[in-house]
Amino acid sequence: MKISVQSKNGEHSFDCGGRETILHAGLREGLTLPYECATGTCGTCRARVVGGEYEVLWKEAPGGKRLKPEKGDILMCQTRPLSDCSLMVPSELKVVQSGRPAKRAGTIRNIKPLTKDVAHFDLHLSEPMQFEAGQFIVVETPDLVGGRAYSMVNFTASPSDHIQLVLKQKADGKFSDWLFGDRKAEEAVTVFGPLGRAVFRPSEDKDIICIAGGSGIAGMMSILEHAVQADYFRNHKGTVFFGVRTHQDTFYLAPLADFVSRSHGNLEVTIALSHEESVSEVHQQYPNLKLATGMVHEVAKNGLGDRGENAIAYIAGPPPMVDGAIRALLGSGMTVGSIRYDKFG
Ligand code: FES
């Protein structure tokens, strides 16, 4: 089926297969359609259908709250065409050649609990994928409707068929129930990616600030891995605030401590405990990691000082935490253009 898109700077068209969403098909063709989460929560991929038939996959998607479906408003990440369609997208678009996402088969293996509600898992891909530190993929399973977004934890400079991901179990999370439940040693899934524009590129030549809540640390691990591999901290500062509820909810402390030890003294990592008093200023087992008490965005606000000058900030976590962290960073003098974030709905 053919999708025609009228944008602020002209018309574009691309083919969309019967099972593809309009967003996936357009991105696969290199069109820079607007999106953030790719899974129905943020509302960034809104468009208006002005001709053609379509079906909406997740009618209650939180990202669609402000849309007017009676006027043809859709979330492109939640819409599949049933015929050729024409849509209007309120953005300027272009076609890019590099970094186009694609669909691959994947196999989930080695699911390892990290805390009582966070698990690490490996994903083996049918074909290698090149991704940038900070990017994510959408994972789909035939057993469940819709996809779930996961940031890559690892980083490799060349295309890789092995990626590492982190899963947080949610009270009403069908996907996490599916994965945390009584599963086989391997699970077959479909993977679409890489996605996401909140990426780290050493050529930007700026200090790094990372503020993460819970499993939001995943993409920061990839960014730090890339920075350490590139010896980036020889000439740049890094400041990480990692928020969890209590000591028992911490994970990835060993690799974080390893990154600090390889940073020439230029990387500082603070673990912020929101529901437990930190009895010491440093972690007992990993003394090169600092400890603090409070919500992570508050701890970041108090601890940033003038570190926002000449820095790029990466934020990932639940929406209220991300909003609080953005306010803290703007209050410390950073500009909107130097703040990159992922909100997990
Ligand atoms: Fe579609 Fe976020 S990209 S709702």
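One-based numbering, in listed order, for ligands and for the atoms of each.
Evaluation of the salt bridge (Lys or Arg N to Asp or Glu O under 4.0 Å) rule for Arg104 yields no partner, not counting sequence neighbours. Here Gln284 pairs with nothing under the side chain to side chain contact (heavy atoms under 4.5 Å, CB included) rule; sequence neighbours left out.
Hydrophobic cluster of Tyr35: the remaining members, joined at side-chain heavy-atom separations below 4.5 Å, are Ile3, Val5, Phe14, Ile22, Leu23, Leu27, Leu31, Leu33, Val49, Tyr54, Val56, Ile74, Met76, Leu87, Val89, Leu93, Val95, Phe136, Val138, Phe192, Leu195, listed by chain and number.
Taking the six-membered ring where tryptophan is involved, the planes of Phe155 and Phe131 are perpendicular, since the angle between them exceeds 60° and thus also 30°.
Side chains of His236 and Asp205: a donor on one and an acceptor on the other come within 3.5 Å.
With respect to Glu140 and Arg148, no salt bridge is recorded, no charged nitrogen being found less than 4.0 Å from a carboxylate O.
Screening the protein for N, O or S atoms under 2.8 Å from atom 1 (Fe) of ligand 1 yields 2; no waters enter the count.
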